[in-house]
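Beneath this line is the structure, given in structure tokens, with notes to follow.
FYI, the numbering just counts along the sequence from 1.
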Amino acid sequence: RAPGYLEFTEPSSRAQIAFQIAAVVEAAGPIHQDDVLALIRESWGLGRAGARMRDAFHHAVSYAQGRDQIEV
């Protein structure tokens with residue numbers, strides 16, 4: 001990873017991912033979580049979503065939901 005850039009699976013990325021989730025849901029909701037993940041993965045330039053990536057995404061969904069940014 002390049003200095004100054006977040007890695008998707010790091011807890012410090014959670015707020016950024018939650019912000020992106022909320023933006024996608026606001027623009028395209030209702031939308032399935034798998035479709036949101038695919039769009040965000042693409043924006044980060046990432047490939048296939050493995051277990052660690054899905055786990056990080058679900059933590060970010062919970063983060064956004066807990067801050068009333070989205071409804072699941």
Side-chain angles (χ1 to χ4, degrees):
R1 117 188 152 181
Y5 289 92
L6 298 173
E7 288 209 22
F8 194 88
T9 57
E10 291 181 2
S12 59
S13 300
R14 196 165 294 154
Q16 176 61 36
I17 298 167
F19 174 81
Q20 289 180 286
I21 291 168
V24 170
V25 170
E26 183 177 326
I31 183 170
H32 194 276
Q33 286 189 25
D34 288 343
D35 296 329
V36 176
L37 175 56
L39 290 168
I40 292 173
R41 239 184 344 95
E42 186 176 307
S43 77
W44 282 65
L46 300 172
R48 183 177 144 311
R52 288 181 57 220
M53 188 182 300
R54 286 188 178 280
D55 187 51
F57 174 78
H58 290 295
H59 281 293
V61 167
S62 294
Y63 182 96
Q65 187 178 14
R67 282 151 187 79
D68 294 324
Q69 295 173 318
I70 63 169
E71 290 183 28
V72 177

Listing, residues 38-54 side-chain donor-acceptor contacts under 3.5 Å, not counting sequence neighbours, or none:
from, atom 1, to, atom 2, distance (Å)
Arg41, NH1, Gly47, O, 2.8
Ser43, OG, Gln20, NE2, 3.0
Ser43, OG, Ile40, O, 2.8
Trp44, NE1, Gln20, OE1, 2.6
Arg52, NH2, Thr9, OG1, 2.9
Arg54, NH1, Asp34, OD1, 3.4

request  = Could you list all the salt bridge (Lys or Arg N to Asp or Glu O under 4.0 Å) pairs where at least one residue sits in residues 56-72, not counting sequence neighbours?
outcome  = none

remark   = The complete set of ring-ring contact (aromatic ring centres under 6.0 Å, His included) pairs with one or both residues in residues 11-41, sequence neighbours excluded, reads none

query = Taking only residues two or more places apart in sequence or in another chain, which ones pass ring pair (Phe, Tyr, Trp, His ring centres under 6.0 Å) with Tyr63?
reply = none

remark   = For Ala18 and Ala60, the nearest pair of non-hydrogen atoms, with its separation, is CB-O, 3.6 Å

key: Shortest non-hydrogen contact between Phe8 and Phe57, atoms and distance   = CE2-N, 4.2 Å

remark   = For Gln33, the side chain to side chain donor-acceptor pair (under 3.5 Å) test, sequence neighbours excluded, returns His58

ask   = Under the salt bridge (Lys or Arg N to Asp or Glu O under 4.0 Å) rule, what pairs show up with a residue in residues 12-31, not counting sequence neighbours?
value = none

